[in-house]
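A short write-up of the structure that comes next.
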Amino acid sequence: MSFEALGLHANLIRALTDSGYTKPTPVQEQAVPAAINGRDLMVSSQTGSGKTAAFMLPALHKLISADVVTYDNSKTPNQERQSARSRGDRPRFVAAKPKMLVLTPTRELALQVTTATDKYSAYSRRIKAVSILGGMPYPKQMQLLSRNPEILVATPGRLIDHMDSGKIDFSELQMLVLDEADRMLDMGFIDDIEKIVAATPATRQTMLFSATLDGVVGNMAKRITTDPMVIQIAGSASKHENIQQKVHFVDDLSHKNRMLDHLLRDESMDQAVVFTATKRDADTIADRLNIAGFAAAALHGDMHQGARNRTLDGLRRGQIRVLVATDVAARGIDVPGITHVFNYDLPKFPEDYVHRIGRTGRAGRKGLAVSLVNHAEGMHVKRIERFTKQLIPVDIIEGFEPKKTASAPRSAARKPGGWKPGDNRKSGGGGFSNSKPGQRSFSKPAGAGTGAAPRKEGSGGYKGNRSSEGSARRSFGDY
Ligand code: AMP
């Protein structure tokens, strides 16, 4: 199947060719023609599956083909103000009237969607896409809105602010996209989403993308769509089959730090993301790695948007080799050079594990995802395995053998034939993997430790009582 066969406008095909896309991904094959025909969509697909193009290409096609009403004859808010001035009237703010709205859970994802849109619409200059985000200076946002963009990509909180103050008018909205809808609900945006949806015309086309369509998100999807086409993509991208996963057991924090230091010296590593549970740890570890000679930087929700953008830019340009990040901040990062993901702390929710490891293996490349796990966290690994329906093998590195693993090999309790529901539920001891003890993947000798002060392990892992970004995001939010 080719992009031409999907019926896309020639300007888009040209831009896709420039981007090096040769054929549509499975989600694009199904979603693009249906969306061009005006169908509502409920799509379960993971990040990395090409979902952004799956909704943006048909939307751009419709905007370019003027399938959607265009307002060439109407004035932009800026022009409206100028004519008001020339009439001697007091200039007033004229609300932006976008044709398409994309809601995303985080600022990073919103910026990424806008960047992708600019790329796809490179030969369709009439189409403007802007991001409306928390953390961006207000005057800058007003300036962006005054250009009356056709496409608005927004995080819910800031969008509501602008709606409440009359800066945005959805009466001409034709298409609404909820990107990573499950994540928006996780982050507590249900009321905001309901309010935004209620402000859009009932005649709109709605496209909802989510890692899962079960439970609350599925119910919401059914409520806000009309006769939707349901697309479930269970391809290799969603199973992350191109990403090798491993667990390394660690005895304590000092062992964990030394192991991370060693793993980051892997010659096959281009760039890496190290995930921590807390913002403070992200800062501390980035500092420590910098002192150890790695080009490292932190990324978390407490940083100003400018600093976050600079860090992401440095990552994209390859100036930063190791990004130390929390879940919310790193969501949606799409940098092909990321070959390794390290879970310094395990994520709070199994879904976050899937999103974390999806930072590597982008666009079909191979990746490695390593979790550094203390012995008390076996249950959390099991929960992740149950969620992903994949086993995560335990690996041991020569010179970094944990003291406890030898006495409780996970492989002992493993049945052949892979994971089955209930497999993990009752196993009492540590046995839960198909690990091959002694298997070694990193051939280099142990790197020098960084001498970081040992910290009590219990406070740093999953069970820690410090506020993690996972819970903080509900109180402070990412906005
Ligand atoms: P997404 O799932 O939207 O985050 O996209 C994941 C990555 O795949 C991004 O780097 C896209 O640029 C890339 N991508 C999307 N569609 C295609 C395609 N048809 N061919 C090659 N790469 C693609």
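Start at 1 with the first residue, then count along the sequence. Just so you know, ligand 1 is whichever comes first in the structure, and atom 1 is the first atom listed for that ligand. Owing to the predicted nature of the structure, the values given are computational and were not obtained by experimental measurement.
With respect to the salt-bridge test (charged N to carboxylate O, under 4.0 angstrom), the residues R310 and D313 do not qualify. With respect to the salt-bridge test (charged N to carboxylate O, under 4.0 angstrom), the residues R288 and D281 do not qualify.
Residue-level proximity to ligand 1 for K23 is carried by the backbone, the only part with a heavy atom below 4.0 angstrom. Only side-chain heavy atoms of F3 come within less than 4.0 Å of ligand 1; its backbone N, CA, C and O stay farther off.
Considering backbone and side-chain N/O of Y21, one or more are found under 3.5 Å from N/O of ligand 1. For ligand 1, the polar-atom distance check finds no N/O of G20 at less than 3.5 Å from any of the ligand's N/O atoms.
For ligand 1, the atoms sitting less than 4.0 Å from at least one non-hydrogen atom of T52 are 1 (P), 3 (O), numbered in the order shown with element in parentheses.
A parallel orientation is assigned to the rings of Y138 and H162, their planes being inclined by less than 30° (bins at 30° and 60°).
Considering only residues two or more places apart in sequence or on other chains, T206 meets the side chain to side chain donor-acceptor pair (under 3.5 Å) condition with R204.
Taking the ring centroids of Y353 and F387, they lie at or beyond the 6.0 Å cut-off.
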